[in-house]
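First listed ligand is number 1; within each ligand, the first listed atom is number 1. Note that the structure is a prediction, hence the values are computed from the model and not measured. Scope of the values below: all heavy atoms of this structure, side chains included, with no hydrogens, waters or symmetry mates.
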Amino acid sequence: MRQTILTGDRPTGPLHLGHYAGSLAARVELQRSHATYILIADLQALTDHADRPEEIRRNVIEVALDYLAVGIDPAVSTIVVQSGVPELAELTGYFLNLVTVARLERNPTVKEEIRHKGFGSEIPAGFLVYPVSQAADITAFKAHLVPVGADQVPMIEQTVEIVRRFNRLYGAILVEPEAVVPRISRLPGIDGRSKMSKSLGNAIYLSDLPDVIGDKVMRMYTDPRHARVEDPGQVEGNVVFTYLDAFDPDRAGLEKLKERYREGGVGDVALKHHLIDVLHDLLAPIRARRQDLGRHPEEILRVLQDGTARGRAVAQATVAEARRAMHLDYQRVP
Ligand code: TRP
């Protein structure tokens, strides 16, 4: 039997290279050998953007455009809009009884996000429990595999705990998922300090125009001690090399370049021009497809409506099973 994949993204902005390295590329690669569901998690986006629903609605379309542009094929992958599947909220409700508040507060990704977003003592309750709704996303589709960046691994761990508890209490209905983490799963931002993110303004978007990409690469953090071309340079922690590691298809050439950089003799400007070329080769076809697709918004809507309807049917079947297992079936003749 083919295994099932589920992943998703919050539609808080267009997708960037971090998304590509972290999971988009893996989805494109796996979509033909697996039953693939890709969730545009607009409800999850509301957990920290409750005041900006129009922006999220707009970004649902942007994210869908990004998906199709990178090669997610709606003929084999099912793209689902989370808010179109109310059964996910229902399942979240059941799961909330299976986790403690203390466990939620220990989730390292949520902890970091809370610090990052500066919620202070004003943490929206929905935000604290979003890992539970993510567990519902994953289990409603009975996913075996979840391709995600390293920061999402705690979510899968928490999902596994919920699945075990559910199956022990009510019967073995749900599937224990496994995270699929790619080789480079946490791409730093162009500042080199933390992961690429819209809120930090350090991201390169799949839809960025060539001169914007050029500008951003030129501002990238390299090795501050590599002042002159002939100085030996450091490859580790050098953002340009991290990106080349992620995207340069010429692996042997890259190893040689690293050697030469370490010895001294490769300037940062030349190095950056190489990265600009590599990113151009990767992004030019994606950008072109995105522009084409952008001219047919009705096509995008049709893809989302179809995918959401198909996805909803799967989630409905799982939730019906869960209700029966939980004796929430008062209508059944005893
Ligand atoms: N939390 C993910 C992110 O921030 C998005 C997401 C929502 C997701 N539901 C999911 C990822 C289910 C994997 C599986 O990008």
Aromatic contact, Tyr261 with His226 (centres under 6.0 Å) |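 Ring-ring flag for Tyr261/His226: true, centres closer than 6.0 Å.
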Is any N or O atom of Gln134, backbone or side chain, closer than 3.5 Å to an N or O atom of ligand 1?
-> yes
Should we count CZ of Arg2 as having more than 12 external heavy atoms under 6.0 Å?
-> yes
Kindly say whether Val314 contributes a backbone atom to a donor-acceptor pair with the side chain of Thr318 at under 3.5 angstrom?
-> yes
Distance to 0.1 Å, residue and atom name: give those for the protein heavy atom nearest to [atom].
atom	value
atom 14 (C) of ligand 1	Leu6 CD2, 3.6 Å
atom 7 (C) of ligand 1	Gln44 NE2, 3.2 Å
atom 4 (O) of ligand 1	Arg10 NE, 3.3 Å

Applying side chain to side chain donor-acceptor pair (under 3.5 Å) between Asn107 and each of Gln158, Glu157, Glu112, report the one that passes.
->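 Output: one option passes, namely Gln158.
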Of all the atoms in ligand 1, which lie at a distance below 4.0 Å from a heavy atom belonging to [X]?
X	result
Val146	13 (C), 14 (C)
Asp137	7 (C), 9 (N), 10 (C)
Ala41	7 (C)

Options His19, Met155, Gln152, ranked by nearest heavy atom to atom 3 (C) of ligand 1, top entry = Gln152
Kindly confirm or rule out a cation-pi arrangement of Arg10 over Tyr130, judged by NZ or CZ under 6.0 Å from the six-membered ring centre and within 45° of its axis?
->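 Pair Arg10/Tyr130 counts as cation-pi.
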Parallel, tilted or perpendicular: ring planes of Phe166 versus Phe95, cut at 30 and 60 degrees = perpendicular
